[in-house]
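Reading through the structure tokens given below for one structure.
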Amino acid sequence: MDPTNEQLLAFYRIVRRVVLLSSFIAFVELAPDKNLYVYAGRYEALENSVICILPNGDYEL
């Protein structure tokens, strides 16, 4: 199972924002429900984020 083109485009945009915010991507998971989950964090803070990219390219924080 591969991510959709829309998910890949949204993933690129998210990665770019994460890097600009001095954060890092911990890992990425393509779940059985076909949602792409991006787990991001920050070195300076204990803040972690989970971003869910839907198959149509929309995403939720």
Side-chain angles (χ1 to χ4, degrees):
M1 179 169 57
D2 294 328
T4 65
N5 288 336
E6 291 82 7
Q7 283 176 312
L8 293 174
L9 183 59
F11 177 71
Y12 168 78
R13 290 180 182 139
I14 289 168
V15 168
R16 186 174 187 286
R17 287 182 190 163
V18 165
V19 170
L20 290 174
L21 293 172
S22 299
S23 299
F24 63 92
I25 302 289
F27 65 96
V28 178
E29 173 186 25
L30 185 58
D33 62 4
K34 297 186 180 180
N35 291 332
L36 185 65
Y37 293 93
V38 180
Y39 299 86
R42 293 188 62 142
Y43 292 109
E44 304 86 25
L46 296 176
E47 298 175 17
N48 294 315
S49 300
V50 177
I51 304 156
C52 174
I53 306 174
L54 306 173
N56 65 2
D58 292 339
Y59 55 91
E60 304 167 350
L61 300 175

From L9 atom CG to I14 atom CD1, the distance as rounded to the nearest 0.5 Å: 10.0 Å
Smallest separation among heavy atoms of P55 and T4, with atom names: O-OG1, 2.7 Å
side-chain contact (heavy atoms from CB on, under 4.5 Å) evaluation trace for Y12 with L8: CA-CA 6 Å; Y12 168 78; L8 293 174; over 6 Å; no
Minimum-distance pair of heavy atoms, taken over all atoms of S23 and G41: CB-O, 3.0 Å
Exercise: identify the closest heavy-atom pair between L30 and D2: CD2-C, 3.7 Å
pair N48-Y39: side-chain heavy atoms closer than 4.5 Å: no
Hydrophobic cluster identity match, L61 and I25, side-chain contacts under 4.5 Å: yes
Verify same cluster id: V38, L21 (apolar side-chain graph, 4.5 Å): no
Shortest non-hydrogen separation from Q7 to K34 and the atoms involved: NE2-O, 2.9 Å
Minimal non-hydrogen separation, L54 against E60, with atom names: CD1-OE2, 4.0 Å
Gap separating the CD1 atom of I53 from the CZ atom of R13, nearest 0.5 angstrom: 10.5 Å
Heavy-atom closest pair, residues V50 and Y37: CG1-CD2, 4.1 Å
